[in-house]
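First comes the structure, then the notes that go with it.
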Protein chains: 2
Amino acid sequence: MAGRADVARLAGVSPAVVSYVTNGSHAVGAETRARVLAAIAELGYRPNALARSLATSRSHTLGLLLPDSSNPYFAELSSAIEDAAFAAGFTVLLGNGDDVVEREMTYVRTFLDRQVDGVIVCPSNDFSHGFDELVAAAVPVVSTDRVSRESALPAVVVDNEVGARTATEHLIGHGRTTFACISGHGDMSPAQARAAGWEQALRDADIDVDRDLLAFVDFSAEGGWEATRELLRREPRIDALFVGSDLQAVGALRAIADSGRTAGKDVSVVGFDGIRLGEYISPRLTTVAQPFRDLSKTVVELMVELIDNPDQVDTEPRILPTRLEIRESCGCLPLAAT
Amino acid sequence: MAGRADVARLAGVSPAVVSYVTNGSHAVGAETRARVLAAIAELGYRPNALARSLATSRSHTLGLLLPDSSNPYFAELSSAIEDAAFAAGFTVLLGNGDDVVEREMTYVRTFLDRQVDGVIVCPSNDFSHGFDELVAAAVPVVSTDRVSRESALPAVVVDNEVGARTATEHLIGHGRTTFACISGHGDMSPAQARAAGWEQALRDADIDVDRDLLAFVDFSAEGGWEATRELLRREPRIDALFVGSDLQAVGALRAIADSGRTAGKDVSVVGFDGIRLGEYISPRLTTVAQPFRDLSKTVVELMVELIDNPDQVDTEPRILPTRLEIRESCGCLPLAAT
DNA sequence: TTGAAAGCGCTAACAT
DNA sequence: ATGTTAGCGCTTTCAA
């Protein structure tokens, strides 16, 4: 691989001049510049990003710490973040923490060791130590999806409570009478906020909240499936179900079908997230859609600001609105024959 | 941030000795070693991975170039690869090429600039130039899912043709009479092999292959949906459908439902990939499951071999078996009431 | 067993 | 406008 010195030799200039043209920092004579460019092209020279980073202490790399990028929600989020980062000139170092602190910490350290310019994180409940280490290392952090309550750090999230309330109001509008809710567990996660939104909507409509019909379970299809089965066993009259994530909602739909009921008819279901597949499954999933694009763009913008201006941290979370995507599972659209 | 020099000073040794203990390369006196370790702990010192990489020309970083990690198949694949890489001591730099060569190339260069130790790639059809650049840079490449036919390069794939044949045989076993197939387009992709497997199974069973009922479309739910609609319009008697990917299969199920038919009863459907959600949707998707774990482990193992032994490239592709996962959409299991 | 010194490939003053 | 030089933080040969 040709190095800068080779280019310099070929162009008959000093190595510094080569840097000047690759960086566009210094002014360089037009003719010299042309010669250097020619040499670069001829040798197929590319600056070693590592060496450059070492010298500039800027890696143009972002660490992205997720619980699990195989989860459709995080898959779509990470893809959108990757895209926004790419557009902003950053490459993403990906880490799945699997919601185990030990592993999350390992990734944080790996990121830090590699001198990332910042780290974007969807922290597990017990990640606080991770934040400490991050701020101690003085590297910008922005959290998304889930927000730390203990450490006040920049965050970009969606208005979970309002989204959940809107969804629940929609359910109420369907004239339903027995309301259940499934959400994820965890303090820091949006699960609480979504459950709270559900409760609030019921209260606002003077509907009794039966907390036995509120389940906090694993953030997975299986979690949703099992919870729904149990809920339905406990209270067979449930005819409205708000689920705090689409992944769980898919499991819920499965359980509803298994129980011999028809989602959208016997029980109205609304999910949360707006994963792409929700549009295609049967019944089509009514859901509170998150603006993945905007979310990611905002996260990266915020990150770039923090990188350029490390001291001026605005810990006020950016809150983006959700949009209720009305489809079949709530009972609105005519169900396709199945 | 404390540097190596600080540790050296605190421990009263030369910087080199600090390196000796962090790398465990040189022998170091027990007592000295203890002092250094203590200093490291006290200062919270961590070696700068960039500097280390620059000196050793080993970054312990792998580039992962995918078409689109928000696609459930690639999401699960990438997550499994990330996990295998993590276990092997590598961190993953993620890039979504979006199947556009320009963008793929940008990522290849970005990876190369960052001195990745190797790149794992699911190349688009026109990625050959990317391979050239990679081999020119003498960095190990292993491709997975899709395999280049032009450049003979290490690859880890699944036995697509056999998987598809097995699936189709299963469909035939259901006593179906009118067979359709949807697959992805593209030379390099496994789409061709899966379609070929479908055809082969029909031939082997002396069933006429109606190539009008074979559609190559976009690798997406929408692609599957639209193709199925069109196929059903063209030949309403279709009662068996093999789909070359689960994502497309989800779209196909949607179209079947929309047409007033019942998948699993009126038309038997088998997908390919084995994405997790297939287990939960209605009807539960019968599919040819890929061994994500094994695939990823093999990819990373192969990569590690290549890194340790760059000249000894074994271009013979590793071919892993699939497993037919029988559920509802083919008509085997009793359909849950919907 | 420990230390000195020359890189790794680049940036960024500073000097010319 | 161009070249010189001293790092960036680490590894590694070589000598002590």
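Quick note: numbers below take in every heavy atom, side chains included, and nothing from hydrogens, waters or symmetry partners. Reminder, nothing fancy here: chain letters follow the sequence lines and each chain counts from 1.
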Legend entry - Pair D294(A) + R318(A): basic N to acidic O under 4.0 Å: no
Legend entry - Cationic N near anionic O, under 4.0 Å, R146(A) to E104(A):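 Salt bridge flag = no for E104(A) with R146(A).
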Expressed as a whole number of angstroms, how long is the span from [X]:[atom1] to [N]:[atom2]?
| X | N | atom1 | atom2 | value |
| --- | --- | --- | --- | --- |
| E31(B) | dT2(C) | CD | P | 8 Å |
| R35(A) | dA1(D) | CZ | P | 15 Å |
| H26(A) | dA12(C) | NE2 | P | 9 Å |
| D113(B) | dG9(C) | CG | P | 14 Å |
| Q115(A) | dG9(C) | CD | P | 19 Å |
| D6(A) | dG9(C) | CG | P | 9 Å |
| R9(A) | dG9(C) | CZ | P | 12 Å |

If you check every side-chain atom of [X], which of [options] has the closest atom?
| X | options | result |
| --- | --- | --- |
| L54(B) | dG3(D), dG7(D), dC8(C) | dC8(C) |
| P47(A) | dC10(C), dC8(D), dC10(D) | dC10(C) |
| V17(A) | dT12(D), dG3(D), dC10(C) | dG3(D) |
| V13(A) | dC10(C), dT2(C), dG3(D) | dG3(D) |
| R52(A) | dC10(C), dG3(C), dG9(D) | dC10(C) |
| S14(A) | dT4(D), dT12(D), dC8(D) | dT4(D) |
| T32(B) | dC10(C), dG9(D), dT1(C) | dT1(C) |
| N48(A) | dC10(C), dA12(C), dC10(D) | dC10(C) |
| T56(A) | dC10(C), dT2(D), dA12(C) | dA12(C) |

Legend entry - Enclosure of R109(B) CZ (heavy-atom neighbours >12, cutoff 6.0 Å): yes
Inset, instruction - Check whether more than 12 heavy atoms from other residues, nucleotides or ligands sit under 6.0 Å from atom CZ of R46(A), and answer yes or no. - result: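 Count over threshold, so yes.
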Legend entry - Contact nearer the 5' end of DNA chain C, comparing R33(B) with Y45(A):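 Whichever sits nearer the 5' end wins; that is R33(B).
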Inset, instruction - Assess whether one donor atom and one acceptor atom, taken from the side chain of Y20(A) and the base of dG3(D), lie less than 3.5 Å apart. - result: yes
Inset, instruction - State, without any angle test, whether S70(A) and R276(B) hold a side-chain donor-acceptor pair at a distance under 3.5 Å. - result: yes
